[in-house]
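These notes concern the structure reproduced below.
Owing to the predicted nature of the structure, the values given are computational and were not obtained by experimental measurement. Lettering follows sequence order; numbering is per chain, from 1.
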There are 2 protein chains.
Amino acid sequence: MSTREKARTGARPHHAGPEELVQTAAMARRFYLEGKSKIEIAAEFGISRFKVARMLETALRDGLIRLDIRLPPELDAERSDALRTRYGLRHAIVFTSQVQDPGGAALVTHRLGAVAAGLLAEIVTEDDVLGLIWGPEIEALSPELTALARCTVVQLCGVTPLRPVDANAVEAVRRAAAVSRGVAYPIYAPLLLPDGATARMLRRHPGIVEAVSRFSEVTKAVITVGAWGPGLSTIYDALGDAERENYRSLGTCAEVSGHLLDAEGRIVAPELTERIIAISFEELRRVPDVILLADGAQRAAATAAALKTGLFNGIVTDTGVAEYLLA
Amino acid sequence: MSTREKARTGARPHHAGPEELVQTAAMARRFYLEGKSKIEIAAEFGISRFKVARMLETALRDGLIRLDIRLPPELDAERSDALRTRYGLRHAIVFTSQVQDPGGAALVTHRLGAVAAGLLAEIVTEDDVLGLIWGPEIEALSPELTALARCTVVQLCGVTPLRPVDANAVEAVRRAAAVSRGVAYPIYAPLLLPDGATARMLRRHPGIVEAVSRFSEVTKAVITVGAWGPGLSTIYDALGDAERENYRSLGTCAEVSGHLLDAEGRIVAPELTERIIAISFEELRRVPDVILLADGAQRAAATAAALKTGLFNGIVTDTGVAEYLLA
DNA sequence: GCGCACGGTGCCCAAATGAGCAGAAAGAGG
DNA sequence: CCTCTTTCTGCTCATTTGGGCACCGTGCGC
């Protein structure tokens, strides 16, 4: 009889008959949903296990059987995976953003905060020392942080209390520590100081040294990336017009933890590094997990530059930036 | 590190974090769509293959991964499978019907014909001898038959040329043979005769004996089931009121190949069997594949009775009847 | 009319997989 | 603070699975 089976499968586009369709459907359910083995299925239908395998195979290939992966709609599995693979990251989460909405930047940041908070709740363990940079993204993250293992939280840089909302700048670190019931090490100092001497002095100041001396113990750091433009970088906003232009002319493309980077991820202005209170790249490089928060198409190029530093093994970003990074 | 993984999976409802979600999604795609092995996936993600297996398992169980089977909408995979399993059939095809539509009986019969034609195109091979009963369902089947292996076609019973449409009663057999380019053996005789003697004589009539003598060679038979009511059975329609009532009072519930059956599938009126020209149950029992066509809720109980004969190893029916059979 | 290529089938063997098991860590409760 | 329970993890072994191979029948072209 098997020799005659061919008669019905000979046609090239393979007009599957109703029998084969329902049989394939039944076999698919047996195999994928009920977990039966192909040998069992073969016995049930009186065919060889090879035929079962081939039927499922072709059914999957021809789209008769389709399996879709249901994620919360805000997560973009495909780009997350692509990003992770492309940049060799350990954590890569892309959330969906409406690129068209220009006024929605704050909204995007808000969603970034929610997603990042979820990530922290997930990956931070009791043994971790969590380091948080300061910035608008962290401020968006903070209120979304509802669960966190009991860990130590260290602030990784000073603040720039320029805007009213920044009054509670260190609130993020305090809240994270509160949620985790762990110890907090905030930094009550500006991010950028007039000169290196002042910065060096402050770094040794009691209370600040408390935090700074723990930079080396951080096991998971959350870092944001700024672009060189108004409202896109805490450093940019803290500088005067002359310096802004100066650094722009030097090719500044991104700002990471107070460090200015060109498009290749190289530090542009070492002298500025002296004037900041923030975790250094050397220290960051020793942190096992460094996660980059990057939202908004305006920071796309900056994000690409930041990734080129090789400091990061994790990223949380939106569809728009992900598209740019994958292009 | 693995010792700490638990922290994130400890919560019972398992609030999956974004990291785990996208990672599971990526793994599912690797495994199900790209065909990677779990060992490969485990290596890629730096976890054990067991964890990969468990993650996919739970994802499948929790509905994160969903597999849907895309069938032509007229086919009901679930009920087909249920019917096949429940009644131990080899072929079971349920097509969707709108039970609510009373005037749609003809439409349902039409769809039954199309599906059954598809089934025949699929399972009939060159070595088969196809036997067709006569009835409205077969008439609906006939025009839908557009492909068929080169097989011999035998008509399995006489006809009841009561209605105008029946004028071309044997057309079904002729058309099937034409499509298959095989030999046809029609029966130009009535299904029901006044007495057994006439029937016996006709069975030996040249031209009729041609077909009748081939009943034993049939390898695939297509049989319909009638209910005991007007327009639901060729035999019922051919009898007078007195006989109709007589057989009804004897518990007649179904009619199969001219034989009257009670609700348990037992032959009610052996004397009537003498008066018909149709394949007998004994002959049918020797046919490897006997497929029952049953459409319309009015024939549901009759179909159940027919299946109790144990003659059938295949069925084509609509949702309504299938529901009844599975209830 | 005949050979040839082809698609389908089943089998062999190596790789992949699943079930059950033991150890260990986290959380609850005393 | 300690212990018990629960749950997760990774391992071993038996089973399952898929790729490559040979066979067979068919349809096609010469």
Side-chain angles (χ1 to χ4, degrees), chain A residues 1-17 20 23-24 27-28 30-62 121-128 147-151 180-182, chain B residues 1-17 20 23-24 27-28 30-62 65 122-128 147 149-151 180-181:
Chain A
M1 71 164 157
S2 68
T3 73
R4 297 296 160 174
E5 298 281 352
K6 180 169 179 203
R8 79 165 192 248
T9 54
R12 241 320 73 211
H14 189 57
H15 260 201
E20 184 171 354
Q23 186 161 322
T24 304
M27 287 178 2
R30 293 281 190 290
F31 184 73
Y32 288 109
L33 301 182
E34 299 174 13
K36 304 275 184 188
S37 82
K38 290 178 185 176
I39 291 179
E40 279 181 289
I41 297 168
E44 179 182 349
F45 288 87
I47 57 182
S48 82
R49 70 186 180 89
F50 304 98
K51 188 157 179 74
V52 174
R54 289 193 185 97
M55 285 177 75
L56 289 178
E57 206 173 319
T58 54
L60 204 56
R61 179 164 44 72
D62 299 352
E122 187 179 359
I123 66 171
V124 169
T125 71
E126 207 167 319
D127 300 335
D128 274 320
L148 198 60
R150 186 191 299 267
C151 67
S180 88
R181 296 145 301 164
Chain B
M1 67 161 159
S2 67
T3 73
R4 298 293 161 177
E5 297 282 349
K6 181 168 179 201
R8 79 164 191 252
T9 54
R12 240 322 75 211
H14 189 59
H15 259 202
E20 184 171 353
Q23 185 161 324
T24 304
M27 287 177 3
R30 294 281 190 288
F31 185 73
Y32 287 108
L33 301 183
E34 300 175 15
K36 305 275 184 189
S37 79
K38 290 177 184 175
I39 291 178
E40 280 181 289
I41 298 167
E44 178 182 350
F45 288 86
I47 56 181
S48 79
R49 69 184 181 87
F50 304 97
K51 189 160 179 72
V52 174
R54 287 190 185 102
M55 286 178 75
L56 289 178
E57 207 172 318
T58 53
L60 202 57
R61 179 163 44 72
D62 300 352
I65 302 169
E122 187 178 358
I123 66 171
V124 169
T125 71
E126 208 167 317
D127 299 335
D128 274 320
R150 188 192 297 266
C151 68
S180 88
R181 296 145 300 163

Closest nucleotide among D/dT12, D/dT16, C/dT9 to the A/K51 side chain: C/dT9

Under 3.5 Å: donor-acceptor pair, side chain of A/S180, backbone of A/L148: no

Length of the CZ-P vector between A/F50 and D/dC23, whole Å: 16 Å

Listed nucleotide nearest any side-chain atom of B/K38, set D/dG10, D/dT17, C/dG18: C/dG18

B/R30 CZ to C/dA16 P, straight-line distance once rounded to whole Å: 17 Å

Donor-acceptor pair (no angle test) under 3.5 Å: B/R54 side chain, C/dG18 base: no

Nucleotide C/dG10, atom C1' - distance to CE of A/M55 in whole Å: 16 Å

Interatomic spacing from CE in A/M55 to CD in A/Q23 - rounded to 0.5 Å: 5.0 Å

Distance in angstrom units between A/I41 CD1 and D/dT15 P, rounded: 19 Å

Euclidean distance, atom CZ of residue A/R49 to atom C1' of C/dT17 [Å, nearest integer]: 13 Å

OP1 or OP2 of D/dT9 under 4.0 Å from side-chain N/O of B/S48: no

Integer-rounded Å distance: D/dT16 P and A/F31 CZ: 12 Å

A/V52 vs A/K36 side-chain heavy atoms within contact, under 4.5 Å: no

4.5 Å side-chain heavy-atom contact, B/F31 and B/I65: no

Length of the CD-C1' vector between B/E40 and D/dG18, whole Å: 13 Å

Gap between atoms CZ and P, on B/F45 and D/dT9 respectively (whole Å): 16 Å

